[in-house]
Number of protein chains: 8
Amino acid sequence: MPLPSPKFKDFRPLLSAPQKPVAIIMGSQSDWETMRHAAAMLDELEVGFETRIVSAHRTPDRLYEFAKGAKAAGFKVIVAGAGGAAHLPGMTASLTALPVLGVPIETKALHGQDSLLSIVQMPAGVPVGALAIGRAGAINAALLAAAILALTDAALDARLFAWREAQTQAVAVEPVREG
Amino acid sequence: MPLPSPKFKDFRPLLSAPQKPVAIIMGSQSDWETMRHAAAMLDELEVGFETRIVSAHRTPDRLYEFAKGAKAAGFKVIVAGAGGAAHLPGMTASLTALPVLGVPIETKALHGQDSLLSIVQMPAGVPVGALAIGRAGAINAALLAAAILALTDAALDARLFAWREAQTQAVAVEPVREG
Amino acid sequence: MPLPSPKFKDFRPLLSAPQKPVAIIMGSQSDWETMRHAAAMLDELEVGFETRIVSAHRTPDRLYEFAKGAKAAGFKVIVAGAGGAAHLPGMTASLTALPVLGVPIETKALHGQDSLLSIVQMPAGVPVGALAIGRAGAINAALLAAAILALTDAALDARLFAWREAQTQAVAVEPVREG
Amino acid sequence: MPLPSPKFKDFRPLLSAPQKPVAIIMGSQSDWETMRHAAAMLDELEVGFETRIVSAHRTPDRLYEFAKGAKAAGFKVIVAGAGGAAHLPGMTASLTALPVLGVPIETKALHGQDSLLSIVQMPAGVPVGALAIGRAGAINAALLAAAILALTDAALDARLFAWREAQTQAVAVEPVREG
Amino acid sequence: MPLPSPKFKDFRPLLSAPQKPVAIIMGSQSDWETMRHAAAMLDELEVGFETRIVSAHRTPDRLYEFAKGAKAAGFKVIVAGAGGAAHLPGMTASLTALPVLGVPIETKALHGQDSLLSIVQMPAGVPVGALAIGRAGAINAALLAAAILALTDAALDARLFAWREAQTQAVAVEPVREG
Amino acid sequence: MPLPSPKFKDFRPLLSAPQKPVAIIMGSQSDWETMRHAAAMLDELEVGFETRIVSAHRTPDRLYEFAKGAKAAGFKVIVAGAGGAAHLPGMTASLTALPVLGVPIETKALHGQDSLLSIVQMPAGVPVGALAIGRAGAINAALLAAAILALTDAALDARLFAWREAQTQAVAVEPVREG
Amino acid sequence: MPLPSPKFKDFRPLLSAPQKPVAIIMGSQSDWETMRHAAAMLDELEVGFETRIVSAHRTPDRLYEFAKGAKAAGFKVIVAGAGGAAHLPGMTASLTALPVLGVPIETKALHGQDSLLSIVQMPAGVPVGALAIGRAGAINAALLAAAILALTDAALDARLFAWREAQTQAVAVEPVREG
Amino acid sequence: MPLPSPKFKDFRPLLSAPQKPVAIIMGSQSDWETMRHAAAMLDELEVGFETRIVSAHRTPDRLYEFAKGAKAAGFKVIVAGAGGAAHLPGMTASLTALPVLGVPIETKALHGQDSLLSIVQMPAGVPVGALAIGRAGAINAALLAAAILALTDAALDARLFAWREAQTQAVAVEPVREG
């Protein structure tokens with residue numbers, strides 16, 4: 001297993017004061033394929049966010065540094081995607097009292113059942129809010145983060161309301177009989 | 001997640017008096033790929049039906065309006081297809097006393113196991129008759145709807161009987177040794 | 001495995017003309033613990049029914065005779081409960097065009113997952129409407145049978161409507177904080 | 001299935017202006033055994049809450065009224081517990097943009113696997129944050145609700161921090177060798 | 001669902017006196033893709049067999065005729081392949097005391113888990129010997145049928161022994177490092 | 001884990017020439033609770049058998065000796081019960097060409113799902129006929145063994161036929177409405 | 001959820017130089033019921049060990065300190081037991097290169113299936129050797145730890161060999177026909 | 001099923017004195033696709049190894065010979081990959097006291113769930129350390145074998161440490177927004 005090298009020099013600090021309310025973290029680059037849907041949804045709702053790769057297993061120090069510093073860095077909600085023995089959401093929740101939302105990444109052999117159970121079955125005392133496996137979960141993590149932020153952000157609340165209204169309007173009354 | 005726009009202007013009312021006995025409803029356009037098999041089977045048995053997209057989650061008002069009005073609109077049986085956290089059949093059954101048949105749509109990650117359990121595990125008091133996951137379930141929902149209607153429709157009963165006879169006759173005695 | 005003997009001499013014919021609309025059949029005496037809930041619900045709704053033990057595996061000829069004669073005997077809906085490799089509902093449906101509703105009996109090792117899949121995963125062409133595993137499924141099979149019969153029985157329709165209304169009214173607004 | 005009658009006359013309105021931030025809703029009285037742990041945790045953190053029985057299936061109108069009115073009634077977060085084909089969290093989320101947290105109630109046959117999948121596998125567009133099956137999930141739903149409210153409530157934030165600190169301190173270094 | 005027509009006129013009787021010891025039956029033509037591996041293995045071991053399509057659900061009369069007549073027709077072992085709610089092996093076993101071996105056909109949604117449970121979880125009193133899901137199960141059903149017949153057929157016993165020896169010899173000591 | 005000591009001195013040889021057609025082997029004493037049902041059924045059918053504890057994992061040499069010598073010792077069919085990572089049936093089948101029937105013992109955590117998959121999912125080339133999990137499987141293994149032996153034992157065939165007839169007769173037509 | 005208080009004042013440091021080769025860590029006191037079997041087995045093999053409660057979620061700093069310091073403290077193998085979303089074994093493995101063996105604790109709702117998947121499905125790069133769910137896994141973790149240490153400890157190797165010999169000898173040839 | 005013939009004449013003895021610490025064994029050539037990742041990882045860490053095909057089912061004598069002779073042949077750790085009813089790791093562990101690590105091969109129908117349970121659910125007394133299903137498990141088996149050997153090999157310990165450091169360094173801070 002030759003080690004991958006980062007595709008560009010990585011000057012970005014892990015935790016600068018971003019003043020962005022949402023952090024989207026994920027266990028590896030390959031999770032981006034799923035988590036980009038969370039990013040796109042936040043973009044559409046005009047919610048600021050940062051994206052970081054934080055591997056619970058390969059970069060545990062980064063996990064500790066990130067999760068412990070997330071509140072001071074100004075984050076309000078953390079969206080964490082991970083697959084397999086998916087420890088990232090739960091360990092992040094163990095290191096910060098910020099709300100943590102977990103997205104189970106679909107896996108090859110078990111299709112995300114392992115990811116889901118590893119994320120949702122947290123013991124009493126350290127909560128993670130789990131969303132659906134895969135793309136739907138990533139989109140909904142963004143929507144739930146937005147709903148949380150909208151509790152004290154009337155403009156966002158209006159945008160979220162409008163988005164949901166548009167979603168409702170977009171559902172045709174009758175299916176197109178194609179295929 | 002940019003919102004889809006309906007492919008054609010949707011003038012059709014949700015509930016006009018159709019005088020058609022079966023309503024085939026589904027959670028989204030993508031479920032049509034499965035539910036069209038129910039439609040085809042009803043067509044073959046000359047049973048009238050309407051098709052509607054009713055999303056429990058994206059159009060809950062439409063769900064309430066449809067399910068509450070279904071009996072008055074003349075429907076006798078409702079066939080509802082949905083996937084994942086499939087709430088459409090059960091919620092429809094909570095809003096009407098008409099017989100509701102549920103078709104679990106096959107899903108990407110869990111292959112319809114989520115759909116099946118969300119549909120079949122209804123609590124005592126509000127019944128949904130669940131069919132098999134996917135295409136077979138859609139066809140059988142149509143056949144079960146026809147069997148229900150045939151209880152008081154001798155002509156349909158004869159057509160259903162003939163279809164089943166033909167099905168039996170079409171089974172060769174020996175497999176073709178191809179492949 | 002010593003064979004059980006019937007507890008009383010069994011003079012009752014399998015299929016006399018009962019003029020009762022529902023047949024509740026089950027694979028063995030032990031299924032009665034579950035299926036009695038279907039009987040009780042039909043009693044409450046004043047829907048006539050007969051109960052029979054029909055074991056697909058131990059009495060296949062009885063199954064054949066029963067299912068082939070069920071329509072002529074005046075039955076309208078068949079409620080069939082079975083556990084494990086639960087073949088009774090599906091085989092009954094293969095031998096009659098009457099609506100067949102299947103109740104998966106909870107099993108010791110697999111808790112009814114085997115029963116559920118054996119009942120619900122019918123191939124295209126022979127439908128069984130499956131209800132929930134166990135007691136809830138038995139109750140709901142009775143309710144769904146009643147809903148089917150109510151399509152052409154206004155008095156039953158009114159009783160069913162009243163039962164559902166009462167069910168709704170019986171739900172307290174606030175939980176009792178006991179325990 | 002004789003219908004239960006409420007144990008005391010229920011004068012409490014569904015939605016008075018409670019000015020309490022959390023609503024704990026559940027599908028039936030029997031869910032209280034699980035959801036009381038959420039109530040106890042909110043009590044311990046001095047977070048106000050109301051408890052309501054809202055059955056998606058037996059009281060769909062109440063669900064509709066409650067979820068549509070929840071925001072106006074002053075609720076900020078909804079904690080919803082349900083079992084089996086658990087539609088309450090998802091349907092609530094379809095009717096309000098408030099954050100909805102779902103607690104899968106452990107079930108008899110499938111031990112809450114049905115509840116979990118029915119809650120967590122929501123389609124893109126309508127989020128529910130799912131917690132663990134049973135008691136742990138109820139406690140964590142309360143903690144996650146508190147974490148959400150603590151984002152703009154410094155005193156609660158301090159209480160939550162203190163609770164977590166105490167939880168950490170309470171873990172002995174070495175197991176007691178009993179049993 | 002237009003009904004398939006047999007590809008050639010089917011003159012072959014269901015049960016002529018074949019004097020062939022093994023019957024390979026299957027629920028549909030599509031199962032041939034799996035069951036042909038049983039046929040090929042029997043061919044290799046020079047064990048005579050007949051192949052028949054016997055659908056428990058679409059041709060229940062044929063099932064009864066075949067299973068009841070199998071012993072008189074000279075069959076010694078029945079190999080039955082079926083998928084989904086796979087009732088063929090169990091129902092055959094209920095109608096004959098001949099040894100019945102069941103092959104779970106791999107299914108689209110549940111990958112044969114439904115087939116496996118429907119076949120293997122037979123109640124006490126009516127045995128089916130289940131093999132692995134899919135091709136391996138078909139081959140092994142043939143091998144187990146051969147082992148049964150070899151108990152009283154020394155020549156077959158020798159061929160079976162030789163085949164197993166050759167199988168053992170064919171396993172290289174070291175893997176070829178390809179790929 | 002203190003080691004158990006045999007309850008009585010074990011003078012019985014592993015393989016004397018028993019001239020008994022069935023061997024019932026099991027992984028441990030605790031499996032007897034399940035496998036005794038196989039023994040009782042064989043007793044009822046007057047089929048001779050020996051019982052042996054052969055642990056694939058704790059006594060691999062005994063397994064090797066037993067399985068390699070089983071044919072010479074006169075056994076015709078081997079019934080093997082094992083639980084968890086249940087390797088006994090498959091490994092026995094790898095060491096003898098005699099028919100091997102596997103009984104999955106119900107396990108504490110996974111209820112025999114592990115036992116079942118470990119037994120039934122054999123690779124092509126080495127067959128094991130698997131029966132149901134637990135007591136039903138043990139009984140049916142005995143019945144299937146008897147069916148195999150009855151192919152060339154007319155008296156046993158008659159006894160087996162009579163037993164099945166009695167089983168059929170013992171099924172009452174109507175359930176006793178107790179409980 | 002009132003917090004438990006340690007049953008005695010906990011003066012024991014987390015990591016003194018124990019010069020004991022095995023650390024048995026677990027997520028909570030309640031895991032001791034399972035992990036004590038690992039301790040007992042190590043005692044029987046005269047392998048030194050320390051026991052510690054290290055909760056990945058409630059004491060993440062302790063986890064960090066323990067795992068990073070384990071090698072310097074002289075531990076050679078870490079046995080980690082955890083249940084539900086069981087992150088302890090994997091996170092320990094992410095923080096030390098020592099061999100980590102994971103024991104899935106049986107859980108109430110999912111019987112340890114969640115624990116097993118959370119432990120075994122580690123991503124490439126950070127290994128955990130998983131044992132069976134529950135007591136058997138705890139015993140085997142001790143035995144595997146001993147086997148690892150025995151590679152360079154001839155006396156332990158002899159004790160382990162003797163233990164395995166005794167285990168083999170303790171298996172009776174014939175089951176006691178009790179019960 | 002025509003038997004495959006080895007692609008080249010196989011002169012290599014099963015057990016010559018290799019003086020290589022790791023044996024990678026697998027059930028068939030087709031497992032190489034997975035197990036080659038274990039080989040590549042050991043190569044990268046400069047750990048010597050041999051690869052052998054040892055089929056528990058098709059070559060049980062080879063299994064006995066290999067496992068019984070592995071220690072004398074100088075092996076220290078055995079990595080065993082197998083799929084389906086995966087008996088190779090457990091049976092190897094029953095025949096040697098060397099540490100055995102099991103890799104569940106992904107299977108067609110059940111995706112390796114059968115392999116995983118067949119490997120991990122070993123009874124108390126005979127341990128196998130199970131890794132993840134498929135490629136990740138193969139890589140991690142190599143890493144765990146290396147960690148075991150590194151306990152008494154400082155140079156390997158350094159290489160392993162360096163590899164893990166490089167792995168950590170290779171994780172970019174921010175995901176590349178491709179796709």
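In this text, all values refer to a predicted model and were calculated from it rather than measured experimentally. Here is how names work: the chains are called A, B, and so on, in the same order as the sequence lines, proteins then strands, and each is numbered from 1.
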Contacting moiety of C:A150, where chain B heavy atoms sit under 4.5 Å: neither
Backbone N or O of B:G27 within a donor-acceptor pair of the B:R58 side chain at under 3.5 Å? yes
Taking all heavy atoms of B:A138 and all of B:H37, pick out the closest pair and write down the distance. CB-CB, 4.1 Å
Is there a donor-acceptor pair under 3.5 Å between the side chain of B:S115 and the backbone N or O of B:I105? yes
Under the side chain to side chain donor-acceptor pair (under 3.5 Å) test, which residues partner C:T34, sequence neighbours left out? none
Would you mind telling me which of C:S94, C:P127, C:A132 has the largest number of heavy-atom pairs within less than 4.5 Å of chain B? C:P127
Using a 3.5 Å distance criterion without hydrogens, assess whether the side chain of B:D114 forms a donor-acceptor pair with backbone atoms of B:G83. no
Please classify the contact of B:A146 with chain C as side chain, backbone, both or neither, using a heavy-atom distance under 4.5 Å. neither
Pick whichever of B:L101, B:L149, B:V128 has the most heavy-atom pairs under 4.5 Å with chain C. B:V128
Could you list the donor-acceptor pairs under 3.5 angstrom formed between side-chain atoms of residues 66-74 of chain B and any protein atom two or more places apart in sequence or on another chain?
from, atom 1, to, atom 2, distance (Å)
B:K68, NZ, D:D61, OD1, 2.4
B:K68, NZ, D:D61, OD2, 3.1
B:K71, NZ, C:D157, OD1, 3.1
B:K71, NZ, C:D157, OD2, 2.5

Sub-3.5 Å donor-acceptor pair from the side chain of C:E46 to the main-chain atoms of C:L156, do we have one? no
Select one option (side chain, backbone, both, neither) describing which atoms of B:I119 are under 4.5 Å from chain C's heavy atoms. neither
Would you mind telling me which of B:A130, B:A147, B:G129 has the largest number of heavy-atom pairs within less than 4.5 Å of chain C? B:A130
Side chain, backbone, both or neither: which part of B:L117 has a heavy atom under 4.5 Å from chain C? side chain
Quick check on B:V126 against chain C: is it the side chain, the backbone, both or neither that has a heavy atom closer than 4.5 Å? both
Identify, with sequence neighbours excluded, every residue that meets side chain to side chain contact (heavy atoms under 4.5 Å, CB included) alongside B:R62. A:V171, A:V173, B:L14, B:I53, B:V54, B:T59
Considering all heavy atoms, the nearest C:K20-C:F75 contact: O-CD2, 3.2 Å
If you check every heavy atom in residues 84-92 of chain C against those of chain B, which residues fall under 4.5 Å? none
Could you check whether any side-chain N or O of B:R159 sits under 3.5 Å from a backbone N or O of B:L45, counting only pairs where one atom can act as donor and the other as acceptor? yes
Side chain, backbone, both or neither of B:P99 within contact of chain C (heavy atoms, under 4.5 Å): both
What residue in B:I133, B:T152, B:L116 has the most heavy-atom pairs under 4.5 Å with chain C? B:I133
Please classify the contact of B:V120 with chain C as side chain, backbone, both or neither, using a heavy-atom distance under 4.5 Å. both
Applying side-chain contact (heavy atoms from CB on, under 4.5 Å) to B:L143 and B:W163, what does each step give before you reach the verdict? CA-CA 10 Å; B:L143 285 167; B:W163 186 89; 3.9 Å; yes
